[in-house]
Amino acid sequence: MTFMRSYSISKVNLQVKCDDELLGKKVIGAINNHFFMTRNDSTPHYHNITLKFKNNNTSIKIPETAHELSTSSSLRVLKDGDFCYLIKEDSVSQLDLVNSMGVVSISPTFWRKPIKSQQEFLMLSLLWLLRQHGIYALHANGLVKESGILFVGGSGSGKSTSSLSLIRQGWSYLSDDVILLRNSLDGIEDRHSQKDFHLIRT
């Protein structure tokens, strides 16, 4: 039995489908715990983006013609024409960029990974599809106090430490690590994407 939920992200409608209820509860739980999205069941017949999650008993075939865009110790990103593939060990996202549809094959071991690792894979799967609707992600921390400020920099450059210092001085937290941007009539509009604030002590 298919498990479904509808969400809205900055006026973009997202439908999440899951193979079964158990997988659905895990996926929806991760979405609700980590990301700022509005539950929206009022427009069930129209969705800009559809993400379908499957248990990985059905593997996703990656074409030999796919070329690598980036790789890290935890995630590979490949592209083949209008399709993008994210690979995290045995879990794979196949993203149809033209039709704003994704199929995500989730390994049983995925849910035993650290929360940050789960979040990265789920977030990137969605971010690739949001780009087709004018919403872009920036690796930055966002804060606001009358006006807004973005701290942009690589990992370990001090974004979170600077943000925490400003929060102690009365600034409001928008987003840590990833912030969503889109054009609006008033200029560039930002949207917070993650609920958690991550500060890594070294």
Side-chain angles (χ1 to χ4, degrees), residues 5-14 16 25-40 48-49 51 69-77 86 88-89 91 93 104 106 109-202:
R5 285 286 186 275
S6 293
Y7 294 91
S8 180
I9 310 164
S10 194
K11 301 178 183 174
V12 174
N13 294 320
L14 164 69
V16 176
K25 286 181 178 177
K26 289 179 179 178
V27 170
I28 298 306
I31 288 173
N32 291 339
N33 287 338
H34 303 318
F35 308 127
F36 280 112
M37 289 194 272
T38 305
R39 175 104 179 253
N40 183 11
N48 302 106
I49 295 173
L51 272 175
L69 293 181
S70 69
T71 187
S72 70
S73 59
S74 61
L75 186 72
R76 294 175 62 209
V77 181
L86 306 182
K88 188 171 198 64
E89 296 179 4
S91 297
S93 283
V104 186
I106 297 287
T109 60
F110 177 81
W111 305 109
R112 296 198 290 270
K113 302 294 177 195
I115 289 173
K116 187 75 173 167
S117 175
Q118 297 173 24
Q119 183 180 4
E120 177 190 40
F121 183 70
L122 296 173
M123 173 63 89
L124 286 176
S125 298
L126 179 57
L127 289 179
W128 272 95
L129 298 175
L130 283 172
R131 291 172 66 178
Q132 312 308 306
H133 301 277
I135 300 177
Y136 297 88
L138 184 65
H139 184 200
N141 286 23
L143 297 102
V144 66
K145 185 180 181 182
E146 296 177 12
S147 59
I149 187 170
L150 295 177
F151 289 112
V152 181
S155 296
S157 62
K159 296 187 304 297
S160 294
T161 304
S162 300
S163 297
L164 189 58
S165 176
L166 288 177
I167 289 167
R168 288 178 176 154
Q169 297 173 49
W171 286 69
S172 296
Y173 156 79
L174 284 178
S175 189
D176 173 48
D177 198 38
V178 176
I179 196 158
L180 303 180
L181 303 173
R182 77 178 306 170
N183 281 322
S184 74
L185 295 175
D186 299 320
I188 301 293
E189 177 181 79
D190 62 7
R191 285 284 180 267
H192 43 264
S193 57
Q194 297 169 281
K195 290 183 177 178
D196 302 324
F197 189 94
H198 301 280
L199 184 62
I200 299 171
R201 295 185 182 188
T202 56

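Along the sequence shown, the residues carry numbers beginning at 1. A quick note: this is a predicted structure, and the numbers were derived from the prediction, not measured.
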Which atom of Trp171 lies closest to which atom of Val144, heavy atoms considered:
CE3-C, 3.6 Å
So Glu120 and Lys88, side-chain contact (heavy atoms from CB on, under 4.5 Å) or not? Walk me through it.
CA-CA 10 Å; Glu120 177 190 40; Lys88 188 171 198 64; 3.2 Å; yes
How many angstroms lie between atom OG of Ser6 and atom CG of Leu14, to the nearest 0.5 angstrom?
7.5 Å
So which atom in Ala30 and which in Leu122 form the shortest heavy-atom distance, rounded to 0.1 Å?
CB-CD1, 3.7 Å
Just how far is it from atom CG of Leu130 to atom CE of Met123, taken to the nearest 0.5 Å?
8.5 Å
Find the distance between CG (Leu143) and OG (Ser165) and round it off to the nearest 0.5 Å.
10.0 Å
Is Lys145 reaching over with its side chain to a backbone N or O of Ser172, donor-acceptor style, under 3.5 angstrom?
no
How about Tyr7 and Val12: do any of their side-chain heavy atoms sit closer than 4.5 Å?
no
Kindly give the heavy-atom pair with the smallest separation between Asn141 and Ser163, and that separation in Å.
ND2-OG, 3.0 Å
Can you confirm whether Ile31 sits close enough to Leu126 that some side-chain heavy atom of one is under 4.5 Å from a side-chain heavy atom of the other?
no
My understanding is that only residues two or more places apart in sequence, or in another chain, count here; which of them pass salt bridge (charged side-chain N to carboxylate O under 4.0 Å, His left out) with Lys25?
Glu21
How would you list, by chain and number, every residue that makes a ring-ring contact (aromatic ring centres under 6.0 Å, His included) with Phe121, sequence neighbours excluded?
Phe110
Measure from the side-chain N and O atoms of Asn48 to the backbone N and O of Asn13, and report whether any donor-acceptor pair falls under 3.5 Å.
yes
With sequence neighbours excluded, tell me which residues meet salt bridge (charged side-chain N to carboxylate O under 4.0 Å, His left out) with Arg131.
none
Output the distance between atom CG (Leu129) and atom CD1 (Ile135), rounded to the nearest 0.5 Å.
11.5 Å
